[in-house]
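So the structure is just underneath, and the comments pick up after that.
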Amino acid sequence: MSNYELKTEQFSGPIEKLLELIEKKKLEITEVSLSAVTEDFLSYMRKVADSDLALKPSPMALRLLADFIAVASRLIFLKSKSLLPDEEINEDEEGELKDLEYRLRLYSELKPAIKALALAWRSVKPQYSRPYFMTHQFSSLEGAGEGAAFYPGGNVNLESLAEALNNLVAAFKDVEVDTQTIKEKVVSLEEKIKEIIARLSETASSSLKSLSTSKTRSEIIVIFLAILHLAREQLVHLEQEGNFSDIMVRKK
Amino acid sequence: MQDQSKKIAELEALLFIHGEPIEINKIEKILGLVSGEGEPLVNQFSEELRASGRGLRLVFDGEKTQMVTKPEFAKILEDFVKEELSADLTPAGLEALSIISYLGPISRSRLEYLRGVNSMFTLRSLMLRGLIARAQDPKRANAYLYRASFDLFKHLGIGGPKELPGYEKFNSLVKKFEAPQEQEVMVSGPLPTVVTDEKNAS
Amino acid sequence: MQDQSKKIAELEALLFIHGEPIEINKIEKILGLVSGEGEPLVNQFSEELRASGRGLRLVFDGEKTQMVTKPEFAKILEDFVKEELSADLTPAGLEALSIISYLGPISRSRLEYLRGVNSMFTLRSLMLRGLIARAQDPKRANAYLYRASFDLFKHLGIGGPKELPGYEKFNSLVKKFEAPQEQEVMVSGPLPTVVTDEKNAS
């Protein structure tokens, strides 16, 4: 495993993390409790992003982050329902929230199984088997395999070998396409950030509500994430008067 | 030697020579058994090994079986055998391995749905360590199903998936849970979601 | 389990794993027996194997002992081995063989990285078939490099790896994939942003 892979493997998946946060607060799985852990989830996500993998992110790190963002966006959407009360919720959105709750419940059934396996793993008493045809030795150690009996099988020929390798190389390409998709999605966030900066340089201040006017739900969430990003980079200043009031965004 | 006990002796010799896990239907073919005769024979041999004070036992996952040393002798044998599996599991690896062990055979998309995260690299590293095995999904071309490997059972000192702690309970709980909603749904969100790779997409 | 039968079970597990003939005094050491205790134990186990309808027996020459299959099963096992080795290669076997032929000499870890699966068993089976050969890796102790055997080239009717169809093309394709994917992406802050470089700008 490469270092990149090792690092991303240190993080639990977003569903497991979300469940853990809810359980930590001793809450049931409801919309309210999801709202209650949104901040914690976002700060864990920041930890994922800030771990040194973010300095020079590997495709796997970006992917991991993308999946966290996917879950985070639903949580933010939940919050935004109260921030933007006149926003209508359509069936799809309702369905997605139900789906998230469903998965959390399902995962909570699985969690004890994960603990059980972890325990079994730590207290192992391995059983051992014999190698394949153990008593059939290779002819000699140096250059072993050479000059031994030869059983090619009926399907070994130039074409089948080239085809097998070709299939493997084709699978590599899938990985590249995968990586490319992630990059494209990340770019859309980058564009949104630039857009907000441009807009703020014209007006000096704006609000989440006005930025979100006539935008799709997906765009609103991207905008929300973009604002969070800008605030953290200290490029903008955020203000919110009450708990569910509009968020004001000011240029610094 | 009686016929049945001769067959068990042959089965033992076969498993001893082969070493690796071997399919029940292959056993039937080699020993000249009628189809369906293999599994009870394996079960009977497994029972005999357990009942008598033997040093060996069978691991059986429902399809293949393998002869291994009993876990209580791990201590004496450990110096003898290079164990490659004992390194720690990462949190992501443990999460995925548990889901695969208890719910497998399971598709990558299903696993990713449950975890909410792309699991390509986690699956890859579990396969490189030999802890999980994959096979073609009979229902979908170019898709795989993942399951716990014999090496995992051997390493945990158990005889098959059903001996995993709480296997029946978790398996049926989750199956019951999943039944009403037949979903192969991926996270569908506005922002980057779990990305399906071509190989796994139906 | 009684003490004596536990020792026999331990002896069985040891002989099963070891495979080759092993000295009595080595057995005594591993099982923690008193000197002189080993031989009677081996004799007793040997007797038990003979008396019961087991598929295995011990060979003992007074110094070393080995567990082997009973001679009456020789025929069935020989046929099995022959059939196993002369069967067509599985897709996994073919994939590994193609990588080794095109990219060899190649280490096991590089092969496994490219395939994404543990390949110990596949390598062993290709060696037994005489399709590949291995030699010490000059750069790493206790590691091997694998390459196609001369018999394989002869079988394919070519003089060496470079005559494989598309040799150059596949080699450069694989090298490109293996090169650490040079990141075109940079991230600053909590969320990924992209610094576009010339290569990416479209």
Side-chain angles (χ1 to χ4, degrees), chain A residues 2 45-46 49-50 54-59 61-62 65-66 69 128 130-136 138 141-169 172 175-176 179 183 186-187 189-190 193 225-226 228-229 232-233, chain C residues 13 16-17 19 68 81-82 84-89 91 93-95 97-99 101-102 114-115 121 124-136 146 149-152 155-158 164-166 170 173-174 177 180-181 183-194 196 200:
Chain A
S2 76
M45 191 169 96
R46 197 162 295 145
D50 280 351
L55 296 175
K56 203 181 179 206
S58 59
L62 283 180
L65 208 50
I69 291 173
Y128 303 108
R130 285 158 61 93
Y132 182 58
F133 288 138
M134 187 185 205
T135 38
H136 290 68
F138 311 125
L141 194 67
E142 202 55 34
E146 205 65 82
F150 187 60
Y151 300 96
N155 60 342
V156 173
N157 51 54
L158 290 174
E159 292 74 35
S160 65
L161 286 180
E163 195 198 331
L165 200 56
N166 203 31
N167 291 341
L168 188 80
V169 171
F172 294 163
V175 178
E176 279 166 18
T179 310
K183 281 181 192 160
V186 169
V187 171
L189 181 61
E190 171 73 6
I193 290 171
L225 289 170
L228 288 180
H229 175 71
R232 188 168 179 280
E233 294 291 288
Chain C
F16 175 81
I17 284 305
V68 298
V81 173
K82 224 174 258 166
E84 208 29 33
L85 292 180
S86 25
D88 277 359
L89 286 192
L94 212 49
E95 180 182 277
L97 183 61
S98 73
I99 295 172
S101 309
Y102 278 87
L114 289 172
R115 298 190 62 214
F121 163 72
R124 189 168 164 88
S125 124
L126 292 175
M127 295 244 317
L128 283 170
R129 285 167 167 264
L131 289 166
I132 60 170
R134 71 172 187 204
Q136 281 286 341
Y146 298 84
S149 70
F150 299 127
D151 281 337
L152 175 62
H155 175 74
L156 296 172
I158 58 176
L164 287 162
F170 282 127
L173 272 174
V174 171
F177 171 75
Q181 300 186 349
Q183 315 298 329
E184 287 124 44
V185 188
M186 296 285 288
V187 158
S188 64
L191 290 167
T193 63
V194 172
T196 325
N200 245 10

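Letters A, B, ... are given to chains in the order of the sequence lines, protein chains preceding strands, and every chain is numbered from 1.
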Answer yes or no: is there a donor N or O on one side and an acceptor on the other, between the side chain of [X] and the main chain of [Y], under 3.5 Å?
X	Y	value
A/Arg130	C/Ile17	no
C/Arg124	A/Phe133	yes
C/Asp88	A/Gly154	yes

Exercise. Could you state the interatomic distance from OG (C/Ser98) to CG (A/Leu158), rounded to the nearest 0.5 Å?
Worked result: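 One gets 12.0 Å once the value is rounded to the nearest 0.5 Å.
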Exercise. CZ/A/Phe150 to NE2/C/His155 distance, rounded to the nearest 0.5 angstrom?
Worked result: 5.5 Å
Close side-chain approach of [X] to [Y], heavy-atom, < 4.5 Å:
X	Y	answer
A/Pro152	C/Leu131	yes
A/Tyr132	C/Glu84	yes
A/Val156	C/Leu156	yes

Where does [X] contact chain A at under 4.5 Å (heavy atoms): side chain, backbone, both or neither?
X	value
C/Phe16	both
C/Val81	both
C/Ser101	side chain
C/Leu126	neither

Problem set entry | Interface moiety of A/Asn166 toward chain C, non-hydrogen atoms closer than 4.5 Å | both
Problem set entry | Sequence-distant partners of A/Asn157, side-chain contact (heavy atoms from CB on, under 4.5 Å), two or more places apart |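 So A/Asn157 forms a side-chain contact (heavy atoms from CB on, under 4.5 Å) with A/Glu159, A/Ser160.
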For this session: Could you check which of C/Gly166, C/Ala87, C/Ser125 has the highest count of heavy-atom pairs closer than 4.5 Å to chain A?
Result: C/Ser125
For this session: Output the option from C/Leu173, C/Leu85, C/Ile158 having the highest count of non-hydrogen pairs under 4.5 Å with chain A.
Result: C/Leu85
Problem set entry | side chain to side chain contact (heavy atoms under 4.5 Å, CB included) assessment of C/Glu95 paired with A/Leu168 | CA-CA 8 Å; C/Glu95 180 182 277; A/Leu168 188 80; 3.6 Å; yes
Exercise. What residue among C/Leu164, C/Leu94, C/Ile99 forms side chain to side chain contact (heavy atoms under 4.5 Å, CB included) with A/Leu165?
Worked result: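 Between A/Leu165 and the candidates, side chain to side chain contact (heavy atoms under 4.5 Å, CB included) is satisfied uniquely by C/Ile99.
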